[in-house]
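Notes follow the structure.
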Amino acid sequence: MLIEQVERLVERFYAKVQIDPETIEAVSAMINARFDEMMAEGAAELTDLASRRTHREGEQHELLQAHYAGAIPPDLQDRITASLETIEYRITAHHRHYADARENLDDSQKLLSNAADIYEHGDDANRRLLNLALFKTICIDEDNDVRVGYRNPCDGLSVPGLHADALGWSAQEKKKGQVGTLTKGGPLVERSNLTHLG
């Protein structure tokens, strides 16, 4: 197959990759609502971690006073410091995980909302980069049908039925006047590989 023909087929395929603004908005709202729900589910753990951190900091202060008086074993301060570092790491990781996932999702949605235009107007180097960013594989069969394997997180955004589900979810939320509040969509988002979006 001539490379020019392959390029034309891939360029045409990008029209299927590009997602219209209404769908992008609906998918984003649904997935962000799921993020909010997951953050809320982790709130109890964060509260516990914050409480443990406060307790450990109090112990650390008391030990420091005892250290000045020469009344503590040397390894006790190290254990409390290590415990505090672990707690702080878990709190930071929790927030960073969701922040990174949301940022990755936003970047992917921007790319998918303009993918066909970017590909059509891009030079060879940028077309190659776009292909590498979106796809693990691009296969063209003898009938000129293009099949792709999406890269993460685009694989989650390309789940069959996700767009229709998101539009339905968005319409339902707008009727309630509560866009941005998750009432449904947990299983839809799980099906969309949300865990891989971060």
Within this structure, what is the [atom1]-[atom2] distance for the pair [X] and [Y], rounded to the nearest 0.5 Å?
X: Lys110; Y: Ile19; atom1: NZ; atom2: CD1; answer: 14.5 Å
X: Arg128; Y: Tyr119; atom1: CZ; atom2: OH; answer: 11.5 Å
X: Asn131; Y: Arg151; atom1: CG; atom2: CZ; answer: 10.0 Å
X: Asp124; Y: Leu129; atom1: CG; atom2: CG; answer: 11.0 Å
X: Asn32; Y: Arg34; atom1: CG; atom2: CZ; answer: 12.5 Å

Identify the two heavy atoms, one from [X] and one from [Y], that lie closest to each other, and give their separation to 0.1 Å.
X: Thr23; Y: Asp20; result: OG1-OD1, 2.8 Å
X: Ala115; Y: Leu130; result: O-CD2, 3.7 Å
X: Ala166; Y: Ala26; result: O-CB, 3.5 Å
X: Glu11; Y: Arg127; result: OE1-NH2, 2.8 Å

Checking the side chain of Asp145 only, and the main-chain atoms of Asp141 only, is there a donor and an acceptor separated by less than 3.5 Å?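 Not a single qualifying donor-acceptor pair exists.
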Is a side-chain N or O of Asn114 found less than 3.5 angstrom from the main chain of Ile118, in a donor-acceptor match?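 A pair under 3.5 Å: no.
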Please check if atom CD in Glu22 has more than 12 non-hydrogen atoms from other residues, nucleotides or ligands closer than 6.0 Å.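 No - once you tally the heavy atoms of other residues, nucleotides and ligands closer than 6.0 Å, there are 12 at most.
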Quick check on Glu25: does its CD atom have over 12 non-hydrogen neighbours (other residues, nucleotides or ligands) under 6.0 Å away?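 Incorrect, the count does not exceed 12.
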Walk me through whether Arg12 and Val146 qualify under side chain to side chain contact (heavy atoms under 4.5 Å, CB included). CA-CA 9 Å; Arg12 268 189 246 140; Val146 179; over 6 Å; no
Mutual orientation of the aromatic rings belonging to Phe135 and Tyr150 [parallel < 30°, tilted 30-60°, perpendicular > 60°]: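 If you compare the ring of Phe135 with that of Tyr150, the planes turn out tilted.
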Any chance you could lay out the side chain to side chain contact (heavy atoms under 4.5 Å, CB included) test for Tyr14 and Leu134, step after step, and finish with the verdict? CA-CA 11 Å; Tyr14 266 87; Leu134 294 177; 3.7 Å; yes
State yes or no: do Phe13 and Leu9 share one hydrophobic cluster built from I, L, V, M, F, W and Y residues joined by side-chain heavy-atom distances below 4.5 Å, directly or via other members?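 As far as the 4.5 Å side-chain criterion goes, Leu9 and Phe13 are connected within one cluster.
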